[in-house]
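In what follows, chains are A, B, ... by sequence order, proteins preceding strands, each numbered from 1. What you are looking at is a predicted structure, and each value in this text was computed from that prediction instead of being measured.
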Number of protein chains: 2
Amino acid sequence: MANIQEVAKKAGVSVATVSRVLNNHSSVSTRTRLRVESAIKELNYEPSMLGRNLRNSESRLLLVLIPSIANPFYTEIINGIQNTALSHQYNILLCETDSNPKRENIFFNMVKNKLADGIISMDPAVNKQKLTELADNHSIILCSEYDEEGSIPYVSIDSELAAYHAVKHLIQLGNKKIALINSDEKFLYARQRRQGYERALKEYGLPIREEWIYHTTQLDFQDGVHAMRMLLRLEEKPSAVFAVSDTLAIGALKEIKAIGLRVPHDIAVVGFDNIGFSNMTNPSLTTISQPMYKMGSTAATMLIHHIQNRKVESTILDHELIIRESTMG
Amino acid sequence: MANIQEVAKKAGVSVATVSRVLNNHSSVSTRTRLRVESAIKELNYEPSMLGRNLRNSESRLLLVLIPSIANPFYTEIINGIQNTALSHQYNILLCETDSNPKRENIFFNMVKNKLADGIISMDPAVNKQKLTELADNHSIILCSEYDEEGSIPYVSIDSELAAYHAVKHLIQLGNKKIALINSDEKFLYARQRRQGYERALKEYGLPIREEWIYHTTQLDFQDGVHAMRMLLRLEEKPSAVFAVSDTLAIGALKEIKAIGLRVPHDIAVVGFDNIGFSNMTNPSLTTISQPMYKMGSTAATMLIHHIQNRKVESTILDHELIIRESTMG
DNA sequence: GCCATAATTGTAATCGATTACATTTTTTTG
DNA sequence: CAAAAAAATGTAATCGATTACAATTATGGC
């Protein structure tokens with residue numbers, strides 16, 4: 001690949017002039033501009049991002065941190081991020097962290113090293129301390145999962161309220177024995193959703209029974225299967241289940257069927273996220289829909305504003321209860 | 001962030017010595033090494049990738065091109081790529097192309113500009129010509145989808161044979177009216193899978209009926225739903241369906257149920273890919289399992305070898321038929 | 001203690017761009 | 001037509017690292 005020197009030589013001008021042509025400076029005469037442009041074409045020259053970034057301290061690249069691409073929850077969010085970023089001439093790079101601090105570190109370093117201009121983190125297990133440190137000097141936005149006390153701007157939904165709505169829906173259908181399949185409560189969203197679950201139960205005078213609250217380690221289908229298996233082994237079985245993610249809920253559906261019970265007749269199920277699959281299950285899944293595309297585009301806009309040193313404020317978006325077959329016979 | 005100059009000044013040495021410490025050169029005395037190391041710690045210094053890359057023409061970053069992260073097919077492949085890359089001190093960046101040439105171009109440029117060392121492309125709609133041009137001077141591997149005549153090394157499976165196996169399985173269960181839900185035959189895998197389908201039918205003396213072959217534009221669940229709906233409207237309905245992707249097959253399952261028919265009793269269904277969800281559907285899905293992790297790790301190994309100027313040869317991996325409820329009562 | 005040799009360390013060029021400032025060329029004006 | 005002002009272009013420093021080569025210091029042999 002040719003470099004700017006060769007273009008300059010071929011066009012019979014200095015590198016400065018070539019650079020001016022590249023960056024559309026007005027102070028180049030039409031005649032030289034044309035000469036330079038034809039030299040660029042002839043040599044098939046494309047400017048090196050590396051050299052440019054080094055000089056400009058800007059890469060126009062945004063990093064999106066997700067724990068795993070296996071989780072379909074992120075799909076629409078990423079779409080939102082991507083489209084918004086592109087419309088501002090930014091590109092995004094997806095970084096799978098596996099919630100592994102070492103990998104995260106690599107991506108943090110990319111920002112420190114100006115290989116990327118900012119980060120949208122959706123990893124609930126991210127190292128908050130390191131992230132906060134990084135946020136002192138760099139642009140970072142949290143999406144979906146956030147830190148209540150932290151100083152990093154975020155966009156998310158009101159998980160507590162959403163869970164409350166989900167459980168209230170189950171109660172209003174006549175369920176009195178409602179189980180919760182939660183993930184690890186080290187995650188904020190898990191704590192919030194549990195609170196919403198408990199608030200709904202309390203409000204309707206229903207008891208909170210610890211044995212009806214099951215915690216999974218991850219969010220895979222298999223975790224849902226296993227959680228449901230445990231709940232169905234209880235002396236007093238629940239008549240409804242609220243799972244904090246659709247993947248868990250779908251695993252639960254599978255296990256309920258496997259054991260010969262019917263949904264929603266014997267056990268009603270509500271999920272959370274409204275992933276694409278939730279409408280493909282049998283029965284289709286009642287769930288809480290997060291405004292995922294909006295969340296992504298908001299996060300991207302916030303990040304870009306932050307990079308431009310504009311003020312950004314954390315945002316809470318609305319959710320919606322999507323009622324399908326798993327709660328309505 | 002401190003730079004190498006400041007470290008040098010603080011340690012009372014030259015930048016060359018600092019660089020030597022950073023790169024573990026043996027010619028640094030223990031005493032100066034310690035002085036430099038403590039200066040690095042004190043200043044919280046981390047070397048700039050940008051400066052380093054510019055000098056070394058190496059980024060140790062690999063690009064992975066996928067059309068969409070929504071397709072769960074890529075999940076395990078990416079795992080394989082990621083782990084292999086990491087074990088060779090390479091990091092990967094996921095690039096969603098949306099099969100959009102403009103976006104692809106951005107990522108191609110990253111390689112040209114030394115922002116990344118190579119590409120693994122899994123986008124079947126990738127611009128073959130541009131890719132081939134790029135492959136002249138850069139390291140590129142095709143994964144899963146490839147070009148028969150092209151010169152770019154690939155790793156894939158024998159789609160024709162796999163489809164043949166899938167359809168043969170249906171035939172051996174007694175099915176004589178077998179439909180094919182295929183995707184657009186502009187894709188090589190679609191053409192190959194159709195060939196396998198036809199070979200199996202021919203071998204057993206069954207007719208190939210065009211109305212039983214449905215082409216979808218994409219691979220979403222909805223496309224499967226729609227395809228199945230069309231097939232079920234036919235005068236003479238098929239008794240079995242082979243879909244070239246699990247997502248299509250799952251959509252088909254949904255539609256069969258919706259119309260009141262039973263799987264596999266009325267219609268047997270076979271998918272392709274063995275995505276995580278295929279075991280969560282009701283009934284669970286018989287499918288062709290691609291060795292996805294292996295495919296990913298092979299692709300990564302090939303790419304790294306190519307970057308190191310070692311010889312790489314295209315590879316075809318084995319598939320496996322996974323028999324589940326959708327074909328076995 | 002002196003010289004040869006080996007072990008350290010430093011100097012300065014380099015990678016490929018951008019840009020402040022200096023210089024040259026062109027245009028305007030009286 | 002000369003001087004002043006404006007426009008166009010060039011020179012060289014800069015971003016942050018690496019490394020060939022040069023220079024210095026340490027070590028060993030006699």
Side-chain angles (χ1 to χ4, degrees), chain A residues 1-40 43-61 109-117 137-138, chain B residues 1-40 43-61 109-117 137-138:
Chain A
M1 267 284 288
N3 61 16
I4 200 171
Q5 322 274 353
E6 303 174 41
V7 174
K9 187 185 288 178
K10 168 144 249 152
V13 298
S14 73
V15 292
T17 303
V18 177
S19 177
R20 286 189 194 103
V21 170
L22 290 172
N23 295 285
N24 269 316
H25 285 220
S26 53
S27 69
V28 182
S29 73
T30 316
R31 214 154 50 90
T32 31
R33 155 163 281 121
L34 289 173
R35 274 226 311 286
V36 170
E37 275 166 356
S38 83
I40 287 175
L43 292 175
N44 225 321
Y45 164 79
E46 300 188 50
S48 153
M49 293 172 136
L50 228 44
R52 186 172 274 178
N53 293 353
L54 177 60
R55 182 60 221 235
N56 288 354
S57 292
E58 183 195 58
S59 65
R60 298 205 83 83
L61 245 32
N109 278 338
M110 285 185 65
V111 175
K112 279 194 202 161
N113 294 330
K114 315 274 185 177
L115 274 189
D117 293 348
N137 305 307
H138 299 277
Chain B
M1 267 285 289
N3 62 14
I4 199 171
Q5 322 274 353
E6 304 175 39
V7 174
K9 187 185 288 178
K10 169 144 249 154
V13 297
S14 73
V15 292
T17 302
V18 176
S19 177
R20 283 192 271 260
V21 170
L22 291 172
N23 294 286
N24 269 316
H25 286 220
S26 54
S27 69
V28 182
S29 73
T30 316
R31 214 156 50 91
T32 30
R33 155 162 280 119
L34 290 173
R35 272 224 313 286
V36 170
E37 275 166 354
S38 82
I40 288 174
L43 292 174
N44 226 320
Y45 164 78
E46 300 187 50
S48 152
M49 294 172 135
L50 228 43
R52 188 173 271 178
N53 294 354
L54 177 59
R55 182 59 221 233
N56 289 353
S57 291
E58 183 196 58
S59 65
R60 298 205 83 82
L61 245 33
N109 278 338
M110 284 186 67
V111 175
K112 279 195 204 159
N113 294 330
K114 315 272 186 179
L115 275 189
D117 293 347
N137 306 307
H138 299 276

Worksheet item: Side-chain contact, heavy-atom cut-off 4.5 Å: Arg33(B) with Asn24(B)?
Response: yes
Practice prompt. For the side chain of Asn3(B), starting at C-beta, report the closest nucleotide among dA17(D), dT9(D), dG16(C).
Written response: dA17(D)
Worksheet item: Do Ser48(B) and Asn3(B) have side-chain heavy atoms sitting under 4.5 Å apart?
Response: no
Fill in: Any side-chain heavy-atom pair of Val18(B) and Glu6(B) under 4.5 Å
no
Worksheet item: Please give, in whole Å, the distance from dA12(D) P to Ile4(A) CD1?
Response: 17 Å
Item to complete: Write down the distance between NZ (Lys9(A)) and C1' (dG16(C)), rounded to a whole number of angstrom.
Response: 15 Å
Worksheet entry | Note, Leu115(B) side chain near Leu115(A) side chain (heavy atom, < 4.5 Å) | yes
Worksheet entry | Candidate nucleotides dT11(C), dG16(C), dT18(D), ranked by approach to the side chain of Leu54(B) - the nearest | dG16(C)
Worksheet item: Nearest 0.5 Å, what's the CZ-OG1 distance between Arg35(A) and Thr17(A)?
Response: 9.5 Å
Discussion item. Could you tell me if the side chain of Leu61(A) sits less than 4.5 Å from the side chain of Met110(A), heavy atoms only?
Written reply: no
Item to complete: For Glu58(A) and dA17(C), give me the distance from atom CD to atom P, rounded to whole Å.
Response: 16 Å
Fill in: Side-chain heavy atoms of Ile40(B) within contact of Leu22(B), under 4.5 Å
yes
Worksheet entry | Spacing of Glu6(B) atom CD relative to dA17(D) atom C1', expressed in whole Å | 14 Å
Response to the item:
By nearest-heavy-atom nucleotide on DNA chain C, the more 5' of Ser14(B) and Gly51(A) is Ser14(B)
Worksheet item: When the distance from NZ of Lys112(B) to P of dA17(C) is rounded to whole Å, what number comes out?
Response: 13 Å
Practice prompt. Can you tell me the distance, in whole Å, between the CE atom of Met49(A) and the C1' atom of dC15(C)?
Written response: 17 Å
Practice prompt. Considering just the side-chain nitrogens and oxygens of Arg52(A), establish if one lies under 4.0 Å of OP1 or OP2 belonging to dT18(C).
Written response: yes
Worksheet item: Out of dT18(C), dT18(D), dG10(D), which nucleotide sits closest to the side chain of Ala16(A)?
Response: dG10(D)
Discussion item. Rounded at 0.5 Å granularity, tell me how far CG in Leu43(B) sits from CD1 in Ile4(B).
Written reply: 12.0 Å
Fill in: Contact check, side chains of Lys9(A) and Gln5(A), non-hydrogen atoms, under 4.5 Å
no
Worksheet item: Closer to the 5' end of DNA chain D via nearest nucleotide, is it Gln5(B) or Arg55(A)?
Response: Arg55(A)
Fill in: Sub-4.0 Å heavy-atom contacts from residues 17-29 of chain B onto DNA chain C, ordered by number
Thr17(B), Arg20(B), Ser27(B), Val28(B), Ser29(B)
Return the polar atom pairs (N/O with N/O) between nucleotides 25-28 of chain D and the protein under 3.5 Å, or none.
none

Discussion item. Nearest to the side chain of Thr32(A), heavy atoms from C-beta on, is which of dT14(C), dT9(D), dA17(C)?
Written reply: dT9(D)
